[in-house]
Amino acid sequence: MSPAVRRDRRGKYRSFPDTAGQRPRSIDSVARTTAYWETGVKSRVAGAVPKASAGSSLPAQPSAQLQPTEAGDTLARLLVKHINGSTEPYRRSQNAAQQRLNAFGSPHSSTTLRVEGALHLARPAFLPPDEEGYARLRHLDTSLRLIEAAFPQVSTDVEVCRLTCTMLEGAWRSRALTPPREEEQTTVCACPLCRRLPTPPARTLDDYRWRQSAGRPLAVKTWPYRRELDSVLTGGWSWTRQMNDLERDLGHRHRFENDILVFHEYKRVIDTIDTTRLTRHVEGRLAENFSTNSARALVSGLFAAHKRSVDEYWLQQHDAGSVMLPQTNPLNQSTYSALQMLDCLFWHVAPDTELWQEENLASLLLCRVIDDMADVRADALTGEISNFWLAEMPTHTKALYAACAIALVKYGCMPEAHSPMWNTWLMTTTIVWMGLTGRHALWFDGITQGLPPAEECPLCDLQPNPCTGILTHGTTLTIAPRPTTPALSTRTAELSARCRAQSPRTWPLFDAELHAFEALHGPWYGNTDSTWEILRRTYIAAVEASSAAPSPDRARRVQQDAGVVGSERFHTLHDPQTGREDTALLAYMFGCAHPHFLWNATGYRPTGVAGDWLDG
């Protein structure tokens, strides 16, 4: 394993040597190397791109000449300008899905919850960057100018990167120097969501040693003969791309040169990648077959390097005692959504025709919300600023976003969701991926004694929703009695029979969820053997742990075995015949099924910012 920079037992940053004898790298050098490497690839491929001379003078501030507050406003306007509203194919699919659900019975009375469009909301004021922040922005601007000159097709992406990094610099400094505002709690919210927010246990850094980017728990490679795929992160990307590409092959299924620069953000993932060979591959493919997405990956890599350098700069200031970082951050609903867009747009490549489609952006944003919900305690400990649950917004707003994520997981289980858009499997694969790597919130730390009541439960009755307008015009969540199919299909009935024989106490709950799933999905044609083995060691095990005597080890045992069964069975989800069926059912069970596995991640109990090294 090559070197990693982290804190030693005394809390000091240091480089730990690797077993291969490679020279240790500092935190800053990793970011600098990433940025220079990315820019160098572009300049060599472009040929005519002028190099910045060593003695050239740089402006006092980046070319945009905007302060962080102005950058945030400009970024929101830019995103709104480029977002495409829902089109007829998307509306037709959504209507067809709703009509199929309505066929299960006459509509019942319902409750609605309104979610305002994030980008139209007011944004907070941020402090200007400090001297180090301006230096980072100048360095970024120099690289972005080179990229834009070589590839004018990505000028919008370049501007989004520039504005986002400026806003990020201001957000970090505001967090460090501005006393955090106390959340307004004059009245307790009585909405059906806030009434059911859980109270999670306190956590320490030792509880997060499992949070690895490479190696276990996914020890089995996705494709055994490709070294660069032997990691948790690359396995997830390749799986999602394969799911999307089965019918509409855009050439993304095995094309990892679009992602490789982003991988430099992950210090442990890079240990498993043959960077020399892959760098040559990137250069060759760019020169032979240029794609806009390849250029976007360069911009995304610059953003990843900049974000990492900002994060680590302020964590070092916190560690040295120069500032005291609060756990909360000054991002509100609008700034959080805008900040996540750069990550999302380029990590999960979509065709140009769908890149700015509202349905695509909603899926990207809520995918990050799910990830942040599960990682909130780790992010609080490591100082991560862009975590959704740490942002300074009302608890009710956070509960609404969590409900949106659940509604979108339900929508992703419906066959109608996958016809108009290429990137439609992202939400379902995300929640399954978390479950099969031990990262799922419930079997990590959400298991409590006893199950919440299922009667008149707003989470069970939350209707599927693509959440299309969550960035722009807003969306409305609907709570109404959920439909259930009167009889299970053959393979789903086999799953129910196995549960009845092996876990009779859990069977009534499991069987009811299968009826609700098939109402959403239709008859299920998955792999009964592998799906049951996964569910037995994840969903079933977690439900049974909830009814056992109180023990702090219950969740950890389920979590660790979830990683093992993921390692053993993950390859079955790549099957072109049954993989999508299995993924849909697992996504429903991990994200929507009672006792609300995903919802258990929505609570938050503060603990101190310890400032461990970051793991993406």
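Index from 1, following the sequence. Below, all heavy atoms of this structure are taken into account, side chains as well, without hydrogens, waters or symmetry copies.
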Which word best sums up how the rings of His596 and His594 line up, parallel for under 30°, tilted for 30 to 60°, or perpendicular for over 60°?
-> perpendicular
Tell me yes or no: between the side chains of Trp422 and Asn360, is some donor less than 3.5 Å from an acceptor?
-> no
Please answer whether the main-chain N or O of Ser386 pairs with a side-chain N or O of Glu384 as donor and acceptor at a distance below 3.5 Å.
-> yes
From Phe590 CZ over to Ile370 CD1, what is the distance, rounded to the nearest 0.5 angstrom?
-> 12.5 Å
Report the relative orientation of the aromatic rings in Trp239 and Trp433; use parallel for angles under 30°, tilted for 30 to 60°, perpendicular for over 60°.
-> tilted
Asn102 side chain to Gln98 side chain, donor-acceptor N/O pair below 3.5 angstrom | yes
Should Leu364 and Leu426 be marked as a side-chain contact (heavy atoms from CB on, under 4.5 Å) after you check the CA-CA gap, both sets of side-chain angles, and the distance that decides it?
-> CA-CA 8 Å; Leu364 298 180; Leu426 176 60; 3.3 Å; yes
Can you tell me if Thr430 uses its side chain to pair, donor with acceptor, with the backbone of Cys367 under 3.5 Å?
-> no
To the nearest 0.5 Å, atom CG of Leu436 lies from atom CD1 of Ile431 at 10.5 Å
When you look at His306 and Leu302, which way does the side-chain contact (heavy atoms from CB on, under 4.5 Å) test go after all the steps?
-> CA-CA 6 Å; His306 188 95; Leu302 282 178; over 6 Å; no
In terms of heavy-atom contacts, Thr478 and Ser110 come closest through CG2-CB, 3.8 Å
Least distance between heavy atoms, Trp425 atom then Thr429 atom | O-OG1, 2.7 Å
Give the C-alpha distance, both sets of side-chain angles, the deciding distance and a yes or no for side-chain contact (heavy atoms from CB on, under 4.5 Å) between Met414 and Leu101.
-> CA-CA 10 Å; Met414 306 177 76; Leu101 288 184; 3.8 Å; yes
Under 3.5 Å, side chain of Thr164 to main-chain N/O of Val160, donor-acceptor pair present?
-> yes
Any donor and acceptor pair, going by atom type alone, linking the side chain of Gln340 with main-chain N or O of Leu365 inside 3.5 Å?
-> no
Is there a donor-acceptor pair under 3.5 Å between the side chain of Glu581 and the backbone N or O of Thr578?
-> no
Non-hydrogen side-chain atoms of Pro464 and Cys413 separated by less than 4.5 Å | no
Please name the pair of heavy atoms, one in Thr475 and one in Cys467, separated by the smallest distance, quoted to 0.1 Å.
-> OG1-CA, 3.7 Å
Candidate pair Ser334 and Arg123, rule side-chain hydrogen bond (donor to acceptor under 3.5 Å, both in side chains), full reasoning | CA-CA 6 Å; Ser334 179; Arg123 282 157 290 282; 2.9 Å; yes
Output the distance between atom CG (Leu113) and atom CG (Leu462), rounded to the nearest 0.5 Å.
-> 8.0 Å
Spatial distance of atom OG1 (Thr428) from atom CG (Leu586) [nearest 0.5 Å] = 10.5 Å
Are the charged groups of Glu513 and Arg482 less than 4.0 angstrom apart, N to O?
-> yes
Checking side-chain hydrogen bond (donor to acceptor under 3.5 Å, both in side chains) for the pair Asp372/Tyr336: CA distance, chi angles, key distance, verdict?
-> CA-CA 11 Å; Asp372 287 344; Tyr336 169 82; 2.7 Å; yes
Do the side chains of Trp314 and Val310 get nearer than 4.5 Å, heavy atoms only?
-> yes
Using only heavy-atom distances, determine whether the side chains of His515 and Thr485 contain a donor-acceptor pair under 3.5 Å.
-> no
Distance only, no hydrogens: is a donor on one side chain within 3.5 Å (strictly under) of an acceptor on the other, for Glu518 and Thr492?
-> yes
Polar side-chain atom of Trp599 near backbone of Arg196 as donor-acceptor pair, under 3.5 Å = yes
Asn329 and Trp172: side-chain hydrogen bond (donor to acceptor under 3.5 Å, both in side chains), yes or no, with the steps?
-> CA-CA 8 Å; Asn329 68 61; Trp172 261 113; over 6 Å; no
How about Phe104 and Thr484: do any of their side-chain heavy atoms sit closer than 4.5 Å?
-> no
Of all heavy-atom pairs between Met427 and Val409, which one has the smallest distance, and what is that distance?
-> CG-CG2, 3.6 Å
Side chains of Leu361 and Met341: closer than 4.5 Å at any heavy-atom pair?
-> yes
Quick check: does any side chain N or O of Arg175 sit under 3.5 Å from a backbone N or O of Gly170, one acting as donor and the other as acceptor?
-> no
Side-chain touch Pro415/Arg100, heavy atoms, less than 4.5 angstrom = yes
How long is the span from the CG atom in Asn387 to the CG atom in Asp379, to the nearest 0.5 Å?
-> 4.5 Å
To the nearest 0.5 Å, what is the distance between CZ (Phe388) and OG (Ser337)?
-> 8.5 Å
Do other residues, nucleotides or ligands put more than 12 heavy atoms under 6.0 Å from the CD atom of Glu456?
-> no
Lys/Arg-Asp/Glu bridge criterion (N-O < 4.0 Å) met for Arg77, Asp73 | no
Compare all side-chain heavy atoms of Leu79 with those of Trp356 and state whether any distance is below 4.5 angstrom.
-> yes
Is it the case that Thr240 and Gln242 place a side-chain donor and acceptor less than 3.5 Å from each other?
-> no
Of the non-hydrogen atoms in Cys165 and Phe303, which two are nearest, and what is the gap between them?
-> SG-CD1, 3.6 Å
Sidechain-backbone polar pair: Lys398 side chain, Leu390 backbone, donor-acceptor under 3.5 Å = no
Counting distance only, does the side-chain N/O of Ser174 pair as donor-acceptor with the main-chain N or O of Leu127 below 3.5 Å?
-> yes
Do Tyr401 and Gln333 have a side chain donor and acceptor closer than 3.5 Å?
-> yes
Do Pro192 and Ile479 have side-chain heavy atoms sitting under 4.5 Å apart?
-> yes
Counting only N and O atoms by type, is there a donor-acceptor contact under 3.5 Å from the side chain of Thr424 to the main-chain atoms of Pro420?
-> no
Which atoms form the tightest heavy-atom contact between Trp389 and Leu197, and what is the distance?
-> CH2-CD2, 4.5 Å
Donor on one side chain, acceptor on other, Arg114 and Thr476, under 3.5 Å | yes
Is the shortest distance from a Lys or Arg side-chain nitrogen in Glu359 or Arg91 to a carboxylate oxygen in the other one below 4.0 Å?
-> no
Worked check of side-chain contact (heavy atoms from CB on, under 4.5 Å) between Asn465 and Cys404 = CA-CA 7 Å; Asn465 192 323; Cys404 283; over 6 Å; no
Taking the side chain as every heavy atom from C-beta outward, state whether Asn423 and Ser363 have any atom pair closer than 4.5 Å.
-> no
